[in-house]
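What follows is a set of notes on a single structure, which appears directly below.
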Protein chains: 2
Amino acid sequence: MLSDVAKLAGVSTATVSRVYNEPDKVSANVRERVEHAALTLNWFPNAAGRALASTRSHIAGIIIPTLDDQVFASQVSGMQAAFAARGITLVLGCSNYDPAQALMQVRAMLARGVEAMAVVGEAHPAELFDALRRYRVPYAVTYAYREGSPHTCIGFDNHAAYVEITEHLIGLGHRSFAVCIQPTRDNDRVQARVAGIRATLERHGLAVRPEHMFEGESTMGFGRRSLRTIWQAPCERPTAIICGNDHIALGVLREAEELAIAIPGELSVTGFDDLEIAKEMRPALTTMRVDTYEIGRLTAQHLLDSLDGKRPLNGQKVNALLQLRQSTGPSAR
Amino acid sequence: MLSDVAKLAGVSTATVSRVYNEPDKVSANVRERVEHAALTLNWFPNAAGRALASTRSHIAGIIIPTLDDQVFASQVSGMQAAFAARGITLVLGCSNYDPAQALMQVRAMLARGVEAMAVVGEAHPAELFDALRRYRVPYAVTYAYREGSPHTCIGFDNHAAYVEITEHLIGLGHRSFAVCIQPTRDNDRVQARVAGIRATLERHGLAVRPEHMFEGESTMGFGRRSLRTIWQAPCERPTAIICGNDHIALGVLREAEELAIAIPGELSVTGFDDLEIAKEMRPALTTMRVDTYEIGRLTAQHLLDSLDGKRPLNGQKVNALLQLRQSTGPSAR
DNA sequence: TTGTAGGCGTTATCAA
DNA sequence: TTGATAACGCCTACAA
């Protein structure tokens, strides 16, 4: 431990500590001796002791719904890299889309003494944000950005993004829509997307009929089943399907091939996320692209600035960019 | 802090501590009083103090190459869930396929006092494993399993898996092969795969000609470019392409469509990982499936057992299952 | 079952 | 620039 190093180097423990925390307050000569001693003793500072004495844990936390979704994984990746460059360890919690689990994870992280936190979305129990504020832990809501949110948001505007998608389709002459989307429960991002679709349609005097509204798991299978159901139903078929993400849209595309539905001739399809395969599919998928790694990087940067007392944490909007490709075209009707 | 709770509850600090660490050594009456006090004071134990006093950090670590690859993300996910259920926080480090970064991350985790560690693969500096042993931190090498490895391995046999793929193709009559694989540098898993292919071919008096050996990034783009190069070259074309994973294989499939190469009539293609889309592609991709979430879960379980002193850490082999689909068929020649 | 008291490994304050 | 020493918040013999 530290005192052994001090003894070997023939200095006090305070000096050893300084060598690692305020190196330029130590003479080069002494510093060298200490570093040598540390090396031969194979010593490095113990984080717990350090945290206790300095009341700084050098830990930050992030809560995401799941690592199974690439968009969250890459956000974690971006934060991790940015924090690591500043000697801060990122600890990860998965809520599995369950607010109660998110709250538990945040509490556990508070107990660990996290210095900053990021949580995906704002659909969380009030206690979660209360706890963060009570312990004066700077935090940011990521992935989603909403004007008027009480939180620091770093992400994109889910509502606006789906307004853009819907307007694109309406501009192509579509008037009859189906929607295939992930579970909306406890998910403000998905809710905002649906709201964006509805509001836009309404503005044009349109609406999604209930039998064309599908909510289910984020898989190709869900997309496939939904399209099959739509096509088998006796009611009028939609000319466009708006999907909650690329997985679902790819399933729709795949099933359309099976059912010999011409795309975009007979049916237009849109996704979200712009997975690598989206542009490689035939027809290539019209979708929206968001740089989630960048969201992570930005979030870490904001939190670090806030820890440095540089500036009050304020939100930042990231753009979602529409990638027009072959899966959308003029309405046949 | 703890002493405030003790005061409010009218007990000693030791008793408060017991309530959280050995609850059944405290009478129900006293326990209730303490819990009430803690609640009103909104107190929970500070992890740094706890770690320092008990010399148990309740932290475990995992080093993966990157979160961008689903297989590693889901392994993290599996470990996380299993550890969380036991009150252990998982901290994550990404090496970006760089041994030096992996070593740094391990050192940082040792400083944090990790109680157990997992690292993907065994292609790491000797210092890394030395450090782990010196600090008596139980660890496991994951994702890869190799007979005779000096480490506890929990994963599948990359070599054997590619022997199986190669044998499958040879059984179909193929004699001329191309290989498209991820960077082999510092990557024992990929090296084992290539070795498996080579050894199997050699056993049949065959080999991959150098101009049919491609090494590049794990993307569809790399697969596409590779196939195009192969097809444009003046030399004899292979009848089968073995890819290092599904991304690359999907790219090959996609480019084959572009070049109007009949699959599997003219060319057989294999992948690895069995992404959801692999079975949905037309033609569906022949590939191998590994349950990486399970690898993570098993690893956590082994490490927990080892911490409990239950049994010496010994390896465990997970199966990679060949998924025979439409992208492989009899050789035309 | 409960309390006392010393120590876990470092940092921070103050003096020298 | 360096050193002595008291925290930091909790756990754990040991004693009662």
>> If you assign each of A:F44 and B:V26 to its closest nucleotide in DNA chain C, which residue comes earlier from the 5' end?
In response: B:V26
>> To the nearest 0.5 Å, what is the distance between OG1 on B:T299 and CD1 on B:I62?
In response: 7.0 Å
>> Return whichever of A:L52 or B:G10 has its heavy-atom-nearest nucleotide of DNA chain C closer to the 5' end.
In response: B:G10
> Hey, is the side chain of B:T15 poking within less than 4.0 Å of OP1 or OP2 on C:dT2, counting only N and O atoms?
Replying inline: no
> Within this structure, what is the CD-to-P distance between A:E32 and D:dT1, rounded to whole angstrom?
Replying inline: 16 Å
> Should the pair B:F129 and B:Y139 be assigned to parallel (<30°), tilted (30 to 60°) or perpendicular (>60°) ring geometry?
Replying inline: tilted
> Say you draw a straight line from CZ of B:F44 to CZ of A:R107; how long is it, rounded to the nearest 0.5 Å?
Replying inline: 8.0 Å
> B:N46 has an atom CG; how far is it from atom P of C:dC8, in whole Å?
Replying inline: 18 Å
>> As an exercise, state the distance from CD of A:Q70 to CG of B:D68, rounded to the nearest 0.5 Å.
In response: 5.5 Å
> For A:M1 and C:dG9, what is the distance between atoms CE and C1' respectively, to the nearest whole Å?
Replying inline: 6 Å
> How many Å lie between CG on A:D4 and P on C:dG9, as a whole number?
Replying inline: 9 Å
> What does nucleotides 11-16 of chain C look like as a protein-contact string, B for base, S for sugar-phosphate only, - for none, at under 4.0 angstrom between heavy atoms?
Replying inline: SBB---
>> In this structure, how many angstroms lie between the C1' atom of D:dG9 and the CG atom of B:L41, rounded?
In response: 14 Å
> For residues B:S57 and B:R112, is any side-chain donor paired with an opposing acceptor at under 3.5 Å?
Replying inline: no
> Starting at NZ of B:K25 and ending at P of C:dG3, how long is that distance when rounded to a whole Å?
Replying inline: 15 Å
> Given atom CG of A:N29 and atom C1' of D:dT2, what is their separation to the nearest angstrom?
Replying inline: 12 Å
> Given D:dT1, D:dG9, C:dG3, which nucleotide is nearest the side-chain atoms of A:S27?
Replying inline: D:dT1
>> Can you tell me how far apart CG (A:L41) and CG (A:L2) are? Round to the nearest 0.5 Å.
In response: 10.5 Å
> Which distance, rounded to the nearest 0.5 Å, do you find between the CD1 of A:I64 and the CE of A:M79?
Replying inline: 10.5 Å
